[in-house]
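A short worksheet on the structure shown next.
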Amino acid sequence: MENKVLVEISARHVHVSQEDLEVLFGKGYELTVKKELSQPGQFACEERVKVVGSKGEFPAVSILGPCRKDTQVELSLTDARSIGVSAPVRESGDIEGSGVCKLVGPAGEVELTKGVIAAKRHIHATTADAQAMGLENGEIVSVQIPTANGRNLTFGDVVVRVSDSYALAMHIDTDEANAAGMAPNTIGFVVK
């Protein structure tokens, strides 16, 4: 296998716990699948929530399913600044001491005391993919993004996450994609 990886753009979104889902949408509520995502078992939902910060809000942010143990809001750094919230760069799930905001749904509101992050750029890989590319779980690599518009860019500090429940793909946020002038379905090249 070559050192190629599909680079996907991850726009702002929310992951919710079952408890918070029921506060936002009502007791016993279940998420509605809108579209399957590239990572197995993950999906975009029909449901949206308002994300409120100290300076502004996003009125309709997508929820991604399935429910998780903890509610987490993933924003780009530009998004976070625009609504007045702190969003430290973190790996998904690392929410201790992270930013705060309010979520508003049709049935209620949730005041998050932690959970707002800017997701650290990362590569999802199966064990076989990682072995073929000479990568290890937790390894930090760089990924070159070639573009047709003269904005080629190499992203450093890309964490490799290995699990057989993943599909091979790199995830970056909209700020990062815009910096490279990146089009959908761009192939990046892993550099160790």
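A quick note: this is a predicted structure, and the numbers were derived from the prediction, not measured.
- The closest side-chain donor-acceptor pair between R121 and S10, if any, does not fall under 3.5 angstrom.
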| task | Check the pair N137, V160 against side-chain contact (heavy atoms from CB on, under 4.5 Å), reporting the backbone distance first and the verdict last. | result | CA-CA 5 Å; N137 187 53; V160 177; 5.7 Å; no
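- Across all their heavy atoms, C45 and K34 have their closest contact at C-CB, 3.7 Å.
- E22 contributes no side-chain N or O that, together with a main-chain N or O of E19, makes up a donor-acceptor pair within less than 3.5 Å.
- Rounding to the nearest 0.5 Å gives a distance of 8.0 Å between CZ of R12 and CD1 of I83.
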| field | Steps toward side-chain contact (heavy atoms from CB on, under 4.5 Å) verdict (T126, V162) | value | CA-CA 5 Å; T126 65; V162 179; over 6 Å; no
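- Side chains of T127 and D164: a donor-acceptor N/O pair is present below 3.5 angstrom, by distance only.
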| request: Please lay out, stage by stage, how I123 and R161 fare under the test side-chain contact (heavy atoms from CB on, under 4.5 Å). | output: CA-CA 6 Å; I123 296 172; R161 299 172 60 190; over 6 Å; no
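- Taking all atoms of both residues into account, the shortest heavy-atom contact from V14 to V16 is CG1-CG1, 3.7 Å.
- Under the 4.5 Å side-chain criterion, counting only non-hydrogen atoms from C-beta, I145 is in contact with V7.
- The two atoms that bring L112 and V100 nearest to each other are O-CB, 3.2 Å, heavy atoms only.
- Residues S98 and I117 come closest through the heavy atom pair CB-CG2, 3.9 Å.
- Taken to the nearest 0.5 Å, the CG atom of L153 stands 11.5 Å off from the CG atom of N178.
- Side-chain atoms of D70 and S17 include no donor-acceptor pair closer than 3.5 Å.
- Residues I9 and V143 are members of one and the same hydrophobic cluster, defined by side-chain heavy-atom contacts under 4.5 angstrom among Ile, Leu, Val, Met, Phe, Trp and Tyr.
- In plain terms, the two heavy atoms of V85 and C101 that are nearest each other are CG1-CB, 4.1 Å.
- Environment of CD in E46: crowded, with over 12 heavy atoms of neighbouring residues, nucleotides or ligands closer than 6.0 Å.
- The distance from atom CG of D94 to atom NZ of K114, rounded to the nearest 0.5 Å, is 10.5 Å.
- Within the model, atoms CG of L103 and CZ of F58 stand 13.0 Å from one another, a figure rounded to the nearest 0.5 Å.
- R90 places a side-chain N or O within 3.5 Å of a backbone atom of E96 that can act as its donor or acceptor partner.
- Using a 3.5 Å distance cut-off with no hydrogens or angles, the side chains of T78 and S76 do not pair a donor with an acceptor.
- Side-chain contact check for Q72 and H15: no donor-acceptor pair (N or O, by modelled atom type) lies under 3.5 Å.
- Between the side chains of D79 and S82, no donor-acceptor pair of N or O atoms lies under 3.5 Å.
- Judged by distance alone, with hydrogens and angles left aside, the side-chain atoms of D20 form no donor-acceptor pair with the main-chain N or O of T71 at under 3.5 Å.
- A side chain to side chain contact (heavy atoms under 4.5 Å, CB included) with H171 holds for exactly one of E74, Q39, K120; it is Q39.
- Contact of the L75 side chain with the V73 side chain is registered, since non-hydrogen atoms from C-beta on lie closer than 4.5 Å.
- No side-chain heavy atom of L31 sits under 4.5 Å from any side-chain heavy atom of F25.
- In this structure, OG in S142 is found 11.5 Å from NZ in K192, a value given to the nearest 0.5 Å.
- Between L64 and H13, the closest heavy-atom pair is CD1-CD2, 3.3 Å.
- The line from OH of Y166 to CD of Q42 is 9.0 Å long, rounded to the nearest 0.5 Å.
- Within 6.0 Å of CD on E136 lie no more than 12 heavy atoms contributed by other residues, nucleotides or ligands.
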| query | Yes or no on side-chain contact (heavy atoms from CB on, under 4.5 Å) for E139 and V159, after CA distance, side-chain angles and deciding distance? | reply | CA-CA 6 Å; E139 184 174 1; V159 65; over 6 Å; no
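- In this model, a donor atom of one side chain and an acceptor atom of the other lie less than 3.5 Å apart for E47 and Y29.
- For the side chain to side chain contact (heavy atoms under 4.5 Å, CB included) test with L135, the passing option among D129, V141, N3 is V141; the others fail.
- At least one donor-acceptor pair closer than 3.5 Å links the side chain of R48 to the backbone N or O of A60.
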